[in-house]
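Only heavy atoms go into these numbers, but all of them, side chains included; no hydrogens, no water, no symmetry mates. It should be emphasised that the depicted structure is a prediction, and the values quoted were computed from it without experimental measurement.
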Amino acid sequence: MERNMVGWFEIPVTDMDRAKNFYEAVFGVAIQVHDLGGTKMGWFPWDETKTGAAGCLILNTDWYTPSNTEGVLIYFACTDLQQELDRVEPSGGKILKPKTQISPDVGYMGLFLDSEGNRIALHSRN
C-alpha cells in the first residue's frame, strides 16, 4: 500500500452557508465553496505535504443526508480537542460526549453534532 487508506471524506449538509460558518468557527479555518454541476462542495484546507485525508462539506440532497445515528463516523485530529469542543455549542452544534480518555497510550476523544445534525468526533493525544 502506497498511502494511508483514507484519501477523501464528505460530510453531508442541508445548508452550505450554515455548515461552512460552523466548521470555520469550530476549527478556525477557511472553507472554499465550489459548485460542481449542481453539487456544492465546501473544501477543507489541504496540504499534500502533510499527513491526513482531504475532505469537504457536500450539498446534494439527492445523494446525501446528514445523520446523527447512521453512517461513517469521522474523527478530526486536534492538538487538544477541548479547544474545538469549547467552540461547538456557541457555533450552533451540540456536545454528545465530552473530552474522554480512551487510554493513556491512545489519548482522548470527544463527540458532537454539527450544525447539520451529523455526528462528528475529535481525537487528541492531550
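- Ring centroid separation for the pair F76 and F112 does not come in under the 6.0 Å cut-off.
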List the steps, then state whether side-chain hydrogen bond (donor to acceptor under 3.5 Å, both in side chains) holds for D47 with T49. CA-CA 5 Å; D47 180 342; T49 65; 2.6 Å; yes
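- When hydrophobic clusters are built by joining Ile, Leu, Val, Met, Phe, Trp and Tyr residues whose side-chain heavy atoms come closer than 4.5 Å, directly or via intermediates, I120 is grouped together with V29.
- Taking the side chain as every heavy atom from C-beta outward, F44 and I11 approach each other to under 4.5 Å.
- Not one N or O on the side chain of E84 forms a donor-acceptor pair closer than 3.5 Å with the backbone of V26.
- At a threshold of 4.5 Å between side-chain heavy atoms, the hydrophobic network of Ile, Leu, Val, Met, Phe, Trp and Tyr places L59 and I74 in one connected group.
- Proximity of a side-chain donor or acceptor of D114 to a complementary backbone N or O of N118 within less than 3.5 Å is detected.
- Across E116 and R18, no two heavy atoms sit closer than the pair OE2-NE, 2.6 Å.
- Between V13 and F22, the closest side-chain pair of non-hydrogen atoms is not below 4.5 Å.
- Nearest heavy-atom pair across M16 and K40 is CE-O, 3.4 Å.
- When atom types are taken as modelled, the side chain of T100 and the backbone of P98 share a donor-acceptor pair closer than 3.5 angstrom.
- When all heavy atoms of K20 and V33 are compared, the closest pair comes out as CD-CG2, 3.6 Å.
- Within the 4.5 Å cutoff, the side chain of T65 has no heavy atoms near those of the E70 side chain.
- Residues L122 and Y75 share a closest heavy-atom pair of O-CD2, 3.8 Å.
- Listed here is the closest heavy atom pair of Y64 and P12: CB-CB, 3.7 Å.
- By the 6.0 Å contact criterion, CD on Q101 is enclosed, its count of non-hydrogen atoms from other residues, nucleotides or ligands being greater than 12.
- Summarising the geometry of W46 relative to G52, their closest heavy-atom pair is NE1-O, 4.4 Å, with the distance given to 0.1 Å.
- Atom-to-atom distance recorded for M109:CE and L73:CG is 7.0 Å, nearest 0.5 angstrom.
- Residues N126 and S124 have side chains that never bring a donor and an acceptor to within less than 3.5 angstrom of each other.
- Of the options I95, L96, V88, a side chain to side chain contact (heavy atoms under 4.5 Å, CB included) to L113 is made by L96 and by none of the others.
- Panel note: side chain R125, backbone C78; no donor-acceptor pair is recorded below 3.5 Å.
- By the 4.5 Å heavy-atom criterion applied to side chains, R119 and T69 are not counted as neighbours.
- In this structure, W63 is a member of the same hydrophobic cluster as W43, with clusters built from ILVMFWY side-chain heavy atoms closer than 4.5 Å.
- Using a 3.5 Å distance cut-off with no hydrogens or angles, the side chains of E10 and W8 do pair a donor with an acceptor.
- Using a 4.5 Å heavy-atom threshold, the side chains of H123 and I102 count as touching.
- At least one side-chain heavy atom of L85 sits under 4.5 Å from a side-chain heavy atom of Q82.
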